[in-house]
Structures are given as C-alpha cells and as structure tokens.
Amino acid sequence: MRKTAEIVVIGGGVIGTSIAYYLAKEGRDVVILEKGDLASESSGACDKAILMQSKKPGIHLELALKSAEIYKTLADELEYPIEYANDGGMIVIETEEELAVMKQFVKKQREIGLKVDLLDGKQARSIQPALAKHIIGATHSDQDAQVNPIYATLGFATSAKRLGVEIYQQTEVTGIKVESGAITAVETNRGQISTRNIVNCTGAYAPFLGRMVGINIPIRPRRGQIVISEPMPKLIKGDMLSAKYIAAKHNPDIVEKAKDKATQMGIGLSLGQSDSGNLLIGASREFVGYDKSTTYDALSAIIQNAIRIIPALRNINMIRNFAGLRPSTTDGLPILGGTELNGYYIAAGHEGDGIALAPITGQLMTELICHGKSSIDLSLFHISRFGDQKLKR
Amino acid sequence: MTETNKKEVIICRCEDVSEVEIKQAIEEGFTTINAIKKRLRTGMGLCQGRTCQKLVARIIAQETGKSMEEILLPTTRPPVRPIIMGAFEGEDQ
C-alpha cells in the first residue's frame, strides 16, 4: 500500500468515486479506501432513478438539475456503459388529498425551473399503460432520468484509476492521526497512509469516521428495502413513484404518527426497470439502526402496494430482495464541505439522492478542496447548520 | 481443450458470463463474489447464484491463492426460488 497521499477519500460508493475522479481530473494525488468492495453498500442496494421530481424545491432541486445535466454526457466522458437513459419520470396520485399536495409541490418545482406537467388519469395511462384504473392523475417530467447505480460507481472508479487514483478495497480505516490541529495520517487494517486531507464519503457510516476526530456527524441510517422481479419485456417507462412516497420522504411525521404497519415502514412505491429487464420495486424507509436484513413484513407490504398501482405485477415473479442503508439527515439535505478540523471534509448524508447528486457533489467538492470555494455556494449544506460539531464525550 | 473453446465455458448460465470474463475481472481487482457480481452480474439472474456461486468462488480461489474458507459467500435472501407476486395479496398489512 502507498505510504503517502495528498488526499484520502474514504468510501468507495458513488459519492467517493465521483469526488476521487474529479479531484484526479484536477491533477490531484488521490487514494480511495473502501472497507468492502466498490458499491458494496447503499450505492449497490438502491434504485436506478435520477429523479428531479422527488427533490425539495430549492437549493436541493437546483443541485439535482445541474447533476442531471452532467449525467447526459457522463458515459462518454467516463468511457463506461453506465446505462443512462432520459426516459422521464412519473409520480402517481391515488387520492384527492395527494392531488392537493402535488399541485402545491408542482408550483414550487416550476419556480425553480423544473419542467413538470400535471396529468389526469387518462393521460397518465397513455404514458404508462400498466397503471391501475383508480389512479386519478400523475405528475410527469421529461427531465427525470435513469442510470445503473453500480455501473455509475464502477465508471467513476475506472476513470479515476486511469487518471492515477489508487483504490484499496477490503481496507478499513481504523484511526485518524491528528497533531497540533492538523491531520497527519490515516490508519487502516493494512497499514498507514500519511496525508493532510481526508474526504469522508462513507454515507450512513460517516458518524464513525467523524468520531475518530471528535466530530459529531448527525447522519442516521434509514433502511430501504427493494424487491427485484424476473426480467421481462418493457413494462414500465422511466421512473415511477407514488405521491405517498413523496409524502413519506418530506414529512417524516406522517410515518412516525401512522397506525398501520405499511405507513410505519414508510412504504411508498418507487418503480423502475433495468436494461436487463428486471423491475426494481421499492421501497421502505425505516429507522432500524445498522440492520441491513430484509423483512417479510416489508417485502409483503412493498409488493401489495405495487400491485395496487400496477395490477399486472401480480402475475410476475420476484427473484430477490435486498436492503440498503440510506444516510439520512434531519432536514433531508446532505452534509457537504469542510469542518472545524483543517483538511477534514464531509460529503455524506444524501439519503435516497446519492445517485442523482453524485456528479455535482464530485465537482463542487473538488472545487472546494482545490480552490477553497465552489461555483455553487455550499454553505447551506455545511455541517454547522446542525450546531456544535464537537462530539460530547 | 483449445483456447477458443475455453472462452465458451459459461459459468453463470442465467446471465451468460464466461470463465474468461471472470478471470479478467479478478485481474482488474474484483476479487470477491460480490464484487464480481457487481461487475459482471454473475448470480443476479433467475437462479440467484445457486448454480454459479461455488464455481465463481473456486475461480477466485484458484486465481488469488485464497482458500475457499476465506472467500465470503454473499448474504442469502428470500425467496428460495422465484415466487409469483400475487401470492402476497391479502396478507396482513
């Protein structure tokens, strides 16, 4: 293993590999440390949507729109087949209450510049013929897109490698050495690397890497379970979400106060079909610590919820399910930027938006690390918004 | 067996992945069953690795010198075999 590096990126998911790639493009000397394999945690256990419609109208959506632009040419730039497609996305509406919420949501989205249409049931079914008859409407945006999240991660990693980045997998960080207020080295199970700069891209695991230097990183793991179907001809175009999912995402209260099991597990439809033909049927949103196991209750609820919206699913086989830990913050925004410790950067806490935001996160963090400021102001994403960073002992 | 024939040795039948491709992936640094699965889709098909998993493990052992015990098997998850999703309908929610 290398003895020194200018910048050590910790975490080989889509965020870490993206940052490493853009840093290397700027000529920086970078290594990636990954405790498992590339994309072995949340980046490899999620859906495939690059959704604009699910983002919070505001700076969050602005970042997502920039990221979506980068995705359009990313496969060529990385010279890697990341299975990008720009097939649009739909949020299906089942009740009048949801319709009222979505009308407000659309208004705010349009103010930010998202092109989104409000459709009635018939128009929605003309785009997605598999939709159930009771669907009263949908929002639709051509700006929503799709990517294979694993290949996006491997694409960034492969290009980063080509630019000289060294990637150490099965390499776990065990400690971070700080001397007189500056980082001096990262310790791992395979030896030590001297460095002045660390980027913590470990998603739901970021708090552990914060603790090593006395920084409290307020990220909680939120489990998302997804069901995979057998491969089949095209059934679903682009991404599909239910308005219920949007509600669960932006109003955690709904989930916490709910009486029925499905709502408590944060069940809301997220549906897409991969290039290989498999349907990815999600998802749950559960606070259960670092437990990555899948549960029968969520599996059953996810499938029944999906059948209600796409009845044809009842005749299709499921072949697998999995769970990933979404790195969640209390305000739904990621933590991006430096910290009180010179040279210690954080890019984590994207929850379910890591894939969509990975390219722009990589670019802006690179600008910040290389030039001390970024072309889009990241101060709203700074960890200081959560108050004192010092870990209470 | 001739070289041309070797290219045709299919390890993962569901996803049509050959021995040569797996060896190449190992050379690129994908040295666990999960890593190879992410790179090549071995075990992502209908049988969910029930046919190819041990074969992939053996190739990893052979190429990296690791013992079979050191090669971590991926998490086993339901269902054991494909199940029609309609079977869940009417379950308590």
Side-chain angles (χ1 to χ4, degrees), chain A residues 12 34 36-40 43-44 148-151 153-154 157-158 161 167-170 225 227-231 260-265 267 274 276 278-279 281 292-297 299-308 310-323, chain B residues 12-17 21-22 24-53 56-57 60 63-67 70-93:
Chain A
E34 163 54 51
D37 302 309
L38 292 169
S40 57
S43 303
N148 182 318
I150 296 170
Y151 295 163
T153 307
L154 297 183
T158 305
K161 239 179 176 174
I167 302 175
Y168 299 102
Q169 302 182 77
Q170 283 85 46
Q225 301 191 45
V227 175
I228 306 298
S229 81
E230 61 189 317
D260 65 299
K261 251 197 303 184
T263 313
Q264 280 169 356
M265 291 186 287
I267 304 293
S274 69
S276 47
N278 305 84
L279 293 167
I281 310 164
K292 277 193 296 180
S293 51
T294 58
T295 63
Y296 184 82
D297 280 350
L299 170 68
S300 170
I302 287 167
I303 288 176
Q304 292 189 65
N305 179 59
I307 290 177
R308 192 182 69 248
I310 307 286
L313 291 179
R314 67 165 58 93
N315 298 317
I316 292 166
N317 282 298
M318 73 161 283
I319 61 169
R320 176 177 170 73
N321 66 346
F322 58 73
Chain B
C12 172
R13 301 188 298 202
C14 303
E15 297 292 330
D16 195 21
V17 182
E21 287 174 290
I22 292 168
Q24 260 165 13
I26 294 170
E27 213 163 281
E28 288 169 26
F30 299 88
T31 55
T32 68
I33 293 180
N34 264 328
I36 292 169
K37 175 179 178 179
K38 294 206 152 65
R39 173 76 180 79
L40 296 172
R41 295 186 57 84
T42 43
M44 281 197 190
L46 267 186
C47 89
Q48 288 294 301
R50 282 166 186 93
T51 312
C52 67
Q53 195 165 283
V56 174
I60 295 172
E63 296 295 301
T64 63
K66 282 187 206 168
S67 70
E70 281 174 274
I71 298 164
L72 290 176
L73 294 181
T75 320
T76 312
R77 290 205 164 110
V80 173
R81 54 182 67 86
I83 177 171
I84 208 92
M85 286 192 271
F88 292 90
E89 279 187 289
E91 286 272 305
D92 176 36
Q93 285 199 66

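Predicted model only: the values in this text are computed from it and were never measured. Just so we're on the same page: letters track the sequence lines, and every chain starts at 1.
Taking CZ from B:F88 and CD1 from A:I307, the interatomic distance works out to 9.0 Å, rounded to the nearest 0.5 Å. With values rounded to the nearest 0.5 angstrom, B:E89 atom CD is found 4.0 Å from A:R314 atom CZ. Atom CD1 of B:I84 and atom CG of A:N315 lie 6.0 Å apart (nearest 0.5 Å).
For the pair B:M85/A:L299, no side-chain contact is recorded, criterion being any heavy-atom separation below 4.5 Å from C-beta on. No side-chain heavy atom of A:S40 sits under 4.5 Å from any side-chain heavy atom of B:N34.
Ranked by heavy-atom pairs under 4.5 Å with chain A, the list B:E15, B:R41, B:R81, B:K37 is led by B:R41.
Both the backbone and the side chain of A:I316 come within less than 4.5 Å of a heavy atom of chain B. There is no contact between A:I167 and chain B, counting heavy-atom distances below 4.5 Å. In this structure, chain B has a heavy atom under 4.5 Å from the side chain of A:L154, while its backbone stays farther away. With a 4.5 Å cut-off on non-hydrogen atoms, A:N278 touches chain B through its side chain but not through its backbone. Within the 4.5 angstrom heavy-atom criterion, atoms from both the backbone and the side chain of A:L313 approach chain B. Both the backbone and the side chain of A:F322 come within less than 4.5 Å of a heavy atom in chain B.
Heavy atoms only, all atoms of each residue included: B:K38 and A:A39 are closest at CE-O, 2.9 Å. Minimum heavy-atom separation, B:I83 to A:N317: C-OD1, 3.1 Å.
Residues passing the side chain to side chain contact (heavy atoms under 4.5 Å, CB included) test with A:T294 are A:Q225, A:N321, A:A323, B:R77, B:P78, sequence neighbours excluded. Residues forming a ring-ring contact (aromatic ring centres under 6.0 Å, His included) with A:Y168 (at least two apart in sequence, or on another chain): none. Residues passing the salt bridge (Lys or Arg N to Asp or Glu O under 4.0 Å) test with B:E28 are B:R39, sequence neighbours excluded.
Residues B:T32 and A:D37 bring a donor and an acceptor atom of their side chains to less than 3.5 Å of each other.
Using a 4.5 Å cut-off between non-hydrogen atoms, the part of residues 45-52 of chain B that approaches chain A consists of B:G45, B:L46, B:Q48.
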